[in-house]
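Report on the following structure.
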Amino acid sequence: QAQQVESGGGSVQVGGSLRLSCALSGAASARSCMGWFRQAAGKQREGVATYYSITHSANYRDSVKGRFTISHDTITNTIYLQMDDLKAEDTAMYYCATVGSLPGRTNCANALLNPPQKTYWGQGTQVTVAT
């Protein structure tokens, strides 16, 4: 069974908005550290945002601060990434992830740059921003 299922990707124009969703189930729903990562064609994977549910702490890469918001709905076990003012450089495959090791606010924040071995990934959803 897939424990992290992304949806909400699509194609938008520069300046538009998208809201990505990641439905959690099974073991993924019990993890406190979660995040969104992306990988553009021909580029390395990079962290977009992480969220630590115990302290409601969020971290973002500099290029998306003020434009993207990560959130977690405990009732539906869903992670969201609200993306506003999209830019061409936001075009990428976006992956939802949960972390099963190295608990704690600091470790979760650090996962933005270095996701640990026990990081579990969704299948990805494509975001394309037209120039």
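These figures come from a predicted structure and were not determined experimentally.
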Hey, quick one: are V127 and Y95 part of the same hydrophobic cluster, counting side-chain heavy atoms closer than 4.5 Å, chains of contacts allowed?
no
When clusters are formed by joining ILVMFWY residues with side-chain heavy atoms under 4.5 Å apart, either directly or through shared neighbours, do V12 and W36 land in the same one?
yes
Do we get R31 above Y120's six-membered ring, with its NZ or CZ under 6.0 Å from the centre and within 45° of the axis?
yes
Is the cationic atom of R19 (NZ for Lys, CZ for Arg) positioned less than 6.0 Å from the six-membered ring centroid of Y80 and within 45 degrees of its normal?
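Yes, a cation-pi geometry.
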Without hydrogens or angle criteria, can the side chains of E89 and S63 be said to hold a donor-acceptor pair below 3.5 Å?
no
Y52 versus R105, side-chain donor and acceptor atoms under 3.5 Å:
no
Compare all side-chain heavy atoms of [X] with those of [Y] and state whether any distance is below 4.5 angstrom.
X	Y	answer
V5	Q123	yes
Q4	L24	yes
E46	Q39	no

Inter-residue atom distance [X].[atom1] - [Y].[atom2], 0.5 Å rounding:
X	Y	atom1	atom2	value
N107	N114	CG	CG	11.0 Å
N77	Q3	CG	CD	11.5 Å
K43	T91	NZ	OG1	11.0 Å
C33	I54	SG	CD1	10.5 Å

Might you point out which heavy atoms bring [X] and [Y] nearest each other, and give the distance in Å?
X	Y	value
V64	V48	CG2-O, 3.8 Å
A40	A92	N-CB, 3.7 Å
R67	L86	NH1-CA, 3.8 Å
V14	A88	CG2-N, 4.3 Å
H72	S53	ND1-CB, 4.0 Å
Y51	A58	CD1-CB, 4.1 Å

Considering only NZ, NE, NH1 and NH2 on the basic side and carboxylate oxygens on the acidic side, decide whether K87 and D90 come within less than 4.0 Å.
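No, no charged N to carboxylate O under 4.0 Å.
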Does [Y] offer a backbone N or O that forms a donor-acceptor pair with the side chain of [X] under 3.5 Å?
X	Y	answer
T78	T76	yes
E6	S21	no
T50	G35	no
T125	G9	yes
R45	R38	no

Among L112, L113, T119, whose side chain to side chain contact (heavy atoms under 4.5 Å, CB included) with P115 holds?
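Exactly one option meets the side chain to side chain contact (heavy atoms under 4.5 Å, CB included) with P115, and it is T119.
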Test side-chain contact (heavy atoms from CB on, under 4.5 Å) on F68 and Q82 and set out the steps.
CA-CA 5 Å; F68 290 11; Q82 178 67 44; over 6 Å; no
Look at the rings of W121 and F37 and say which category their plane angle falls in: under 30° parallel, 30 to 60° tilted, over 60° perpendicular.
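The rings of W121 and F37 stand perpendicular, inter-plane angle above 60°.
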Derivation and outcome, side-chain contact (heavy atoms from CB on, under 4.5 Å), residues Y60 and I70:
CA-CA 9 Å; Y60 303 89; I70 186 172; 3.5 Å; yes
Is there a side-chain contact (heavy atoms from CB on, under 4.5 Å) between L20 and M83 once you walk through the steps?
CA-CA 8 Å; L20 306 184; M83 304 184 293; 3.7 Å; yes
Test D73 against S71 for side-chain contact (heavy atoms from CB on, under 4.5 Å), laying out the working first.
CA-CA 7 Å; D73 188 320; S71 61; over 6 Å; no
